Structure formats: structure tokens, C-alpha cells
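In listed order, ligands and their atoms are each counted from 1. Just so you know, these numbers come straight off a predicted model, no measurement behind them. Keep in mind that the numbers below use all heavy atoms, side chains included, and drop hydrogens, waters and symmetry copies.
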Amino acid sequence: MIKSGPIAVFDSGYGGLTVLKEISQLLPQYDYLYLGDNARAPYGTRSYETVYQYTLECVEWFFKQGCSLVILACNTASAKALRTIQQKDLYKLGVDKRVLGVIRPTTEIIGQFTQTGQVGVLGTTGTILSNSYPIEINKFFPDIKVYQESCPIWVPLIENNEYLSPGADYFVQKHVQQLLEKSGDIDCILLACTHYPVLMDKIKQFIPSSINIISQGAIVAKSLQDYLSRHPIIEEQCSKQGNIQFFTTDSTEDFDGHAPVFFGKAVKSSHLSL
Ligand code: DGL
């Protein structure tokens, strides 16, 4: 008898909620377990080793809760920890377990959104310095030119509820301008951080309307749907009662107060000490 458990969705903090929102809308039949490692966010400025250790700890916790499938709904964790976990840890943690990230689902279809073949990527310092996006995009689309800009202040602004402040305007404009100065032909900008969709309105103020701005939630949700249809054994291990549980490593009060901005609905979280 196969034991089933919720689909796990992980982020350093709130950002993964923008992905869970889309996934749970597209696939409402499944159970989900969300963990935001808010106590240790942001991950974007941390070393490979630290991001890997933190992410692995959270993945192990999900597996102990009975999850078979973990989505790292965090670009930084996907860029800096996913491959090592898949290659070095997964076989020890369970042959029937899977960990997926958000970079591949996005890069494999990015070509649909550009006519000029010039794509801009905005992300955390960790994601940008890892070069994961240019490398992965060029595997699928060798002719696409990728321009990158790291926005180290954006996640702290968002995590600290300052994303509507004039300070946020300054930093959003600064990084968007710096990206656009790298090429006049960018016609598609990828928000390669799951926190950034909450800045969408601000970002739009500083970008010509002819440029496509791509956020990942809906893309990851569609890709998960395809994955589950192609992997029936994993799909069978996903429980289906339509429940969503939320955990945070920091204050549940803060989490519940702030999460609706990302998830679009009220949430009631529990605390996890790691
Ligand atoms: N949402 C995470 C991402 O997609 C934010 C990383 C951070 O904590 O800095 O990269």
C-alpha cells in the first residue's frame, strides 16, 4: 500500500506563496504543505554552503512529514541547492522521493515570450551570480542573449513590508534602469525571484509597456501539472483532499499578517523550529 502525503512547497520566506497560489488554483485536488524559512530569510545573499544546508534541512523535514514531492519555489535554493540535493542526497533520503525547482520550467519556455531574442533576468544576488539562467536558457535556446541584474535589496524590502514605500520606488527604478541600460533590445523581463510578483505594479511603472514581464507562478503550476501526468507513481503518492497547511520558522503572527499579500487569501500558519 503506497503511503500518500501532501505536495511540499518551499521558500526562504513568503515568495513561494506566489507559486503555491497558482499551483493550488490549477490543481486544487491535492494537499499542500508550505514552509517559509522566514527566520533565516533572505537566502539571496548567503553562500552556496549555507543555502544548501538550510534547504536540505527543510527538504528532510518535508520528507518526515510524509511528502514525496518537494517543489523548491525559490530561485535561490533552486540555483544553489537543487542539483546537489538531487545528485548527492536524494538516494539516501528515499528512492521514491523527488525534489524539483523553478528554473527549468521557466527556462524551457522563455523563447515564447521574446521576439528580439534578448531577455532580461532580475533576481537575487545568489541566483544571478550562479549564472543558472543564462546557462539553462542557452541549453534550450542557444541564440537568446540573456542580460542579468541582481536586486539585493528587493527581498528585504518585501520581507520587511516596505515594498510600497518611496524607498522601494527608488530601488525598483534603479535596478530596472540598470538592466535596460545593458541592451536596448530587451523585450522580455523574467522575474527570477518568487518574491518579485508583489512588486509587479511598481516594476511596470519603470518599464515600457512593450516589454513582457514574466512571473513564474503560472508557469511552474502548468509544469507541475505536466510532471504529475507523466509520473503516475509520484502522482499516486500525492494525497488528495484539497487541504493546505502553512508552516513558518519565524513568528506565525507576522506570517499570517503578511502572507495574504502573496497568497491572495488569509492563512493560518504553525511554527516550526529547525
Ligand atoms: N523567493 C526567493 C527566490 O525566488 C527569495 C530568495 C531570498 O530569500 O533571498 O529567489
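Protein heavy atom nearest atom 6 (C) of ligand 1, with residue, atom name and distance: T76 OG1, 3.3 Å. If you check which protein heavy atom lies closest to atom 5 (C) of ligand 1, you get H195 ND1, 3.4 Å. Atom 8 (O) of ligand 1 has as its closest protein heavy atom S12 OG, 2.5 Å. From the protein, the heavy atom lying nearest to atom 7 (C) of ligand 1 is Y43 N, 3.2 Å. When only non-hydrogen protein atoms are considered, atom 3 (C) of ligand 1 lies nearest to N75 N, 3.2 Å.
For D201 and K204, the salt-bridge test fails: no basic side-chain N is under 4.0 Å from an acidic carboxylate O. A salt bridge is absent between K92 and E60: the closest approach of a Lys/Arg side-chain nitrogen to an acidic carboxylate oxygen does not fall below 4.0 angstrom. Taking the charged nitrogens against the carboxylate oxygens, D226 and K222 do have a contact shorter than 4.0 Å, which makes a salt bridge.
Residue G44 has at least one heavy-atom neighbour below 4.0 Å for each of these atoms of ligand 1: 7 (C), 8 (O), 9 (O). Those atoms of ligand 1 with a heavy atom of D11 less than 4.0 angstrom away are 1 (N), 2 (C). Set against the non-hydrogen atoms of T124, the atoms of ligand 1 under 4.0 Å away are 6 (C), 9 (O), 10 (O). Interface atoms of ligand 1 facing C193, defined by a heavy-atom separation under 4.0 Å, are 1 (N), 2 (C), 3 (C), 4 (O), 5 (C), 10 (O).
Ring pair Y34/F10: centre-to-centre distance not below 6.0 Å.
Tested against Y30, the residues L228, I244, L69 include a single side-chain contact (heavy atoms from CB on, under 4.5 Å) partner, L228.
At least one heavy atom of C74 sits closer than 4.0 Å to an atom of ligand 1.
Evaluation of the salt bridge (charged side-chain N to carboxylate O under 4.0 Å, His left out) test over residues 118-146, restricted to residues two or more places apart or in two chains, returns R83-E136, E136-K139.
A parallel orientation is assigned to the rings of H231 and Y227, their planes being inclined by less than 30° (bins at 30° and 60°).
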